[in-house]
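None of the values given here were measured: they were computed from a predicted structure.
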Amino acid sequence: MYQLAAEAGIQVVACSILPYDGAGPVVLKRMREVNDWIRTRSTELGLNYCDTYSAAEDPSRPGKLSGTADGLHPDVEGYRKIGEAITETLEKLVPS
């Protein structure tokens, strides 16, 4: 999908998958593997990458959301952090 979009002239920003509170050790390991693949593959294809996982993660609770009402979705502050990370990535693409 990334390659097709890039070939169509679309500026691609690949983002990592987000943590969620219900993920156990096996799922967290797999999520890290998938996020590593997304980062590596986007680099190989010359695409932009944004680490939304780190933006949404609670530093005091690795693998968990920094704020959430249901354990699955970020709260307003979490979405703000994700938005800031994506904005920072997009600003690098726009000439000043």
Distance from I86 atom CD1 to Y79 atom OH, nearest 0.5 Å? 11.0 Å
So do the side chains of V13 and L93 get within less than 4.5 Å of each other, counting heavy atoms only? yes
Measure across I38 and A14 and return the closest heavy-atom pair with its distance rounded to 0.1 Å. CG2-CB, 3.9 Å
CG (D21) and NZ (K64) are apart, to the nearest 0.5 Å, by 6.0 Å
Which atom names give the shortest non-hydrogen contact between Y49 and N35, and what distance separates them? OH-O, 4.1 Å
More than 12 heavy atoms from other groups under 6.0 Å of CD on E77: yes
In the structure I gave you, are the side-chain heavy atoms of H73 and L65 within less than 4.5 Å of one another anywhere? no
Beyond-backbone contact of E57 with P62, side-chain heavy atoms, under 4.5 angstrom: yes
Identify whether L18 and W37 are in the same connected component of the hydrophobic contact network (ILVMFWY, side-chain heavy atoms under 4.5 Å). no
Working to the nearest 0.5 angstrom, can you tell me the gap between E91 CD and T89 OG1? 9.5 Å
Can you find a heavy atom in the side chain of V27 that is under 4.5 Å from one in the side chain of R30? no
With clusters defined by side-chain heavy atoms of hydrophobic residues (ILVMFWY) lying less than 4.5 Å apart, directly or transitively, does L72 cluster with Y53? yes
Do I17 and V12 belong to the same hydrophobic cluster, where Ile, Leu, Val, Met, Phe, Trp and Tyr are linked whenever their side-chain heavy atoms lie under 4.5 Å apart, directly or via other members? yes
Using only heavy-atom distances, determine whether the side chains of D51 and S16 contain a donor-acceptor pair under 3.5 Å. yes
Are the charged groups of K81 and E84 less than 4.0 angstrom apart, N to O? no
With rounding to the nearest 0.5 Å, note down the distance linking SG in C50 to CD1 in I82. 9.0 Å
Contact between T68 and P74 at the side-chain level, heavy atoms closer than 4.5 Å - yes or no? no
Give the intermediate values and the outcome of side chain to side chain contact (heavy atoms under 4.5 Å, CB included) for residues D36 and E33. CA-CA 5 Å; D36 287 344; E33 292 169 352; 5.7 Å; no
Contact check, side chains of Q11 and N48, non-hydrogen atoms, under 4.5 Å: yes
